[in-house]
Amino acid sequence: MLLFQDILDLIRAEARKHLNTLDERDVIFDQTEHAHITIRMIKYEKTVERFEEKLKMICDDIENLPFVASLNYDRGYININVDGGYLLRAIRDSVETTGSFPDSFQDPERVSVEHTSTNPTGPIHMGRIRNSVIGDSISRLMKRYGYRVVTQYYVNDSGKQMVSLYLGYEKFHKGEKITKEILLDGYRKIYDYFEKQGTEGEVETLMERYERGDHKLISEIKNIAQIMLDDIVGDLDLLDVKMDEYTFESEFIVTGETEKVVESLSDHIQDEDGAKFIEIPNVRNIFIKRKNGTSLYLTRDIAYHMYKFSQYDKCIVVLGEDHKEHGKIMDYIMHNLLGYNNSLDFVFYGMVNLESGKMSTRKGTSVTVKEVYNKLNEKAREEVIKRYGQGDDVDRVSRDIAVSSLRFYMLKINMGKPITFRWEDALDFNGETAPFIMYSYTRAGSILEKVDEAGNSNEAGNIKVDGMEKEETSLILEMYKYPYKITDAVKSLRPDIITGYLLELSKKFTTFYETCKVMGEESGIQGRRVTILKNYMSILEDASYIVGIKNVKKM
RNA sequence: GGGCUUGUGGCCUAGUCUGGAUAAGGCACCGUCCUUCUAAGUCGGUGAUCGUGGGUCCGAAUCCCACCAAGCCCGCCA
């Protein structure tokens, strides 16, 4: 439920009074420079009877709407320009009375956002962090929309990879103090060892022990997973990614939930040499139990989803595109075989590759989050010092720039597309980057500070709406679009819509900044522009927070 | 081989779902603007047969078909 006045809808309503067949999609914010809002009439020109007559009535009615400044009809388009003063007041009133624009959307559904869930077999690298950034931004987006959101990390502490990690330690570092470096070394060695042996038999034996409920083994492996996880959580923390809940996969084995999955699916289960599988149409036979009785990743993940469905109305899972089929299978099992009707959405993202190929912890070809974060921090620090010298908040500001840049880099490209990680791009602070957005905020704040110093801060109440520059109106309209963008982003689970919006918004601001002076202008104009600045900052902060961009006073 | 996804100036991207007015930005390159609110900025310029070929339509980057190229998936791995 949107608590703001939807001007597109108001225009649609007027137009439909005379043309009830009008498609709502023909009333849009204009992408070209013809007008602010446009109604595409081309398709009705020839098909609608007495078109000219109706067109005139539509135009007359729309022109009378309070927020419409001017209107003309040109080659099949009704071009509408809005009254910036009217919209500015609407935005201001919302922000002043409720603190934000729009104040709230309010959807009481309980939502779970599962993301990251990376195997604790090494430090988090730039490929995996895309998952975290997307997931965290989606959770913030959903919260902003009014959902009750919980973020979840599903910790895989019981699969083959974890058992291998454990075995690597046992075989090559037994007795040594367990650190992530030691574990990582053992992990790499164990895979070489498997290759030489030509068998992973030792892992299989351990896994059987594990599934039979060998408590000592389970807790030792969980301990190892926890050590690796602590490191990952530390990196997530650097990027302001906070998880509400960690669920360990082993819990489902220990509590017998995994076994219950098999029971729940018993009507659909088929047997092959003692192994159990189910048929998924258009996919293939999917095994949920091995011949030796042990469970599979999917089995445990079903148990996890049954748990999530018992707690949440809506579950969102962020996964790499290589898991697309897994998502399809999970969806089919939960809804078609187990009969749940909770909503389940998978968000898939393209891989982050290096120019030289894939990132792999095991092969040592990954770029870790820490490396990138540290370099960004360092560069940001240089830039800040270059401008302001060594000050008290250099640390904080450089950190904010680093976090913002890294998160923005991960979100600026459409999530479905792969990213080729390049240092030069990641470390760029010019053009379409987080610093550009942040910079617009500091410039706005800087003007307000000057206004304050001059003792004119009360001017905001005094707004002269006549003679507004087109750059002002254009910025105000962009600000006004914020609720539409949030709604779009929520409906399509696309936080990148917000980063795109932030870029558009700050570009509009920059143009305004270059064209319209605030200091030294006559009272009514200064008041109007101060109002624009205040609300611009408010909306920019609001949207920035969703995607994890920080706003600073000086940079 | 089957399935899914992607292909837009030298490079990176937006737009594709829901077809419409001269395809929108950034990087790089060339040139411009700091005695006016932060030059991480501005303004101007060079540069695109929107992978190829058909089709539907008054109209296609967008929809349909075929082909080409790249990526991912097709385990009793996770």
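Predicted, not measured: the structure shown is a model, and the values here were computed from it. A, B, ... follow the sequence lines: proteins, then strands. Residue 1 opens every chain.
Atoms CD (A:E45) and P (B:G59) sit 15 Å apart, rounded to a whole Å. The distance between atom NZ of A:K324 and atom P of B:G71, rounded to the nearest whole Å, is 16 Å. Straight-line distance from the CG atom of A:L427 to the P atom of B:A40: 18 Å, rounded to whole Å. At whole-Å resolution of the value, OH in A:Y441 and P in B:A40 are 19 Å apart. If you measure from atom CD1 of A:I280 to atom P of B:G3, you get 19 Å, rounded to the nearest angstrom. Here B:G25 presents its P atom at 20 Å from CG of A:D496, a figure rounded to the nearest Å. A:E382 has its CD atom 14 Å from the C1' atom of B:A40, to the nearest Å. Whole-Å rounding puts the A:K485 NZ to B:A14 C1' distance at 11 Å.
Comparing the C1' positions of B:G59 and B:U42 gives an interatomic distance of 38 Å, to the nearest angstrom. Nucleotides B:A14 and B:U6 place their C1' atoms 15 Å apart, quoted to the nearest Å. Taking the C1' atoms as reference points, B:U62 lies 9 Å from B:G15, given to the whole Å. Rounded to the nearest Å, the gap between the P atom of B:A48 and that of B:U52 is 14 Å. B:G25 and B:G47 are spaced 14 Å apart, taking the C1' atom of each and rounding to whole Å.
Partners of A:D26 under the side-chain hydrogen bond (donor to acceptor under 3.5 Å, both in side chains) rule, at least two apart in sequence or in another chain, are A:R40, A:K43, A:Y44. Under the side-chain hydrogen bond (donor to acceptor under 3.5 Å, both in side chains) criterion, A:Y153 pairs with no residue, sequence neighbours left out. Evaluation of the side-chain hydrogen bond (donor to acceptor under 3.5 Å, both in side chains) rule for A:E208 yields A:N292 as partners, not counting sequence neighbours. By the side-chain hydrogen bond (donor to acceptor under 3.5 Å, both in side chains) test, A:S544 is found to be paired with A:N551, residues two or more places apart in sequence or in another chain being considered.
Nucleic acid contact class of A:F348 (heavy atoms, under 4.0 Å, all strands): none. Residue contacts shown for A:K46 are absent, as no nucleic acid heavy atom lies under 4.0 Å away. Note on A:V384: a base of the nucleic acid sits closer than 4.0 angstrom, heavy atoms only. Among the atoms of the strands shown, base atoms are found under 4.0 Å from some heavy atom of A:M555. The residue A:T510 sits close only to the backbone: its heavy atoms come under 4.0 Å of sugar-phosphate atoms, none of a base.
A salt bridge links A:E325 and A:R284; the closest N-O separation between the charged side-chain nitrogens and carboxylate oxygens is under 4.0 Å. By the 4.0 Å N-to-carboxylate-O rule, A:K412 lies too far from A:D496 to be salt-bridged with it. Using a cutoff of 4.0 Å between basic side-chain nitrogens and carboxylate oxygens, A:R387 and A:E383 are scored as salt-bridged. Between A:K289 and A:E211 there is no salt bridge, since none of the side-chain N atoms of the basic residue sits less than 4.0 Å from a carboxylate O of the acidic one. Checked for salt-bridge contact, A:R188 and A:D192 miss the test: no charged N lies under 4.0 Å from a carboxylate O.
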Would you give a per-nucleotide map of nucleotides 73-78 of chain B, 5' to 3', where B means the base has a protein non-hydrogen atom under 4.0 Å away, S means only the sugar-phosphate does, and - means neither? SSBBSB
Using Watson-Crick and G-U wobble pairs with both distances under 3.5 Å, what is the 5'-to-3' dot-bracket string of RNA chain B, with [ ] for crossing pairs and | for pairs outside the strand? (((((((..((((......[...)))).(((.(.......).))).....(((((..]....))))))))))))....
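For B:C65, the O4'-C1' to base torsion is more than 90° from 0; the nucleotide is therefore anti.
Ring pair A:F287/A:F277 is tilted by interplanar angle, where 30° to 60° counts as tilted. Below 30°, between 30° and 60°, or above 60°: for A:Y482 and A:Y501 the angle between ring planes is below 30°, a parallel geometry. Ring geometry, A:Y513 versus A:F509: the interplanar angle falls from 30° to 60°, so the pair is classed tilted.
The neighbour count for A:Q270 CD, taken as heavy atoms of other residues, nucleotides or ligands under 6.0 Å away, is above 12.
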Pairs under 3.5 Å (N/O, protein and nucleotides 19-24 of chain B):
unit_1, atom_1, unit_2, atom_2, d
B:G20, O2', A:Y77, OH, 2.0
B:A21, N6, A:T38, OG1, 2.7
B:A21, N6, A:N79, OD1, 2.8
B:A21, N1, A:N79, OD1, 3.2
B:A21, N1, A:N79, ND2, 3.2
B:A21, N3, A:H34, NE2, 3.4

Strictly under 3.5 Å: I want the nitrogen or oxygen pairs between protein and nucleotides 33-37 of chain B, one per line.
unit_1, atom_1, unit_2, atom_2, d
B:C37, O2, A:M519, N, 3.3
B:C37, N3, A:V518, N, 3.2
B:C37, N4, A:Y513, O, 3.1
B:C37, N4, A:C516, O, 2.5

Would you check, one step at a time, whether the test side chain to side chain contact (heavy atoms under 4.5 Å, CB included) holds for A:I80 with A:H36? CA-CA 6 Å; A:I80 302 162; A:H36 295 136; over 6 Å; no
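Of all the residues in residues 428-436 of chain A, A:F429, A:N430, A:G431, A:E432, A:P435, A:F436 reach under 4.0 Å from RNA chain B with at least one non-hydrogen atom. Near RNA chain B, meaning a heavy atom under 4.0 Å from it, residues 400-416 of chain A has A:I401, A:I413, A:N414 in order of number.
Of the two residues near RNA chain B, A:R422 and A:K328, the one whose nearest nucleotide lies more 5' is A:K328.
One finds a side-chain N or O of A:R494 lying less than 4.0 angstrom from the OP1 or OP2 phosphate oxygen of B:G15.
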Can you give each donor-acceptor pair under 3.5 Å made by side-chain atoms of residues 346-359 of chain A, sequence neighbours left out, with the distance rounded to 0.1 Å?
unit_1, atom_1, unit_2, atom_2, d
A:Y349, OH, A:N131, ND2, 3.3
A:E355, OE2, A:R422, NE, 3.1

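For the side-chain hydrogen bond (donor to acceptor under 3.5 Å, both in side chains) condition, the pairs that include at least one residue of residues 424-437 of chain A, sequence neighbours left out, are A:E432-A:K507.
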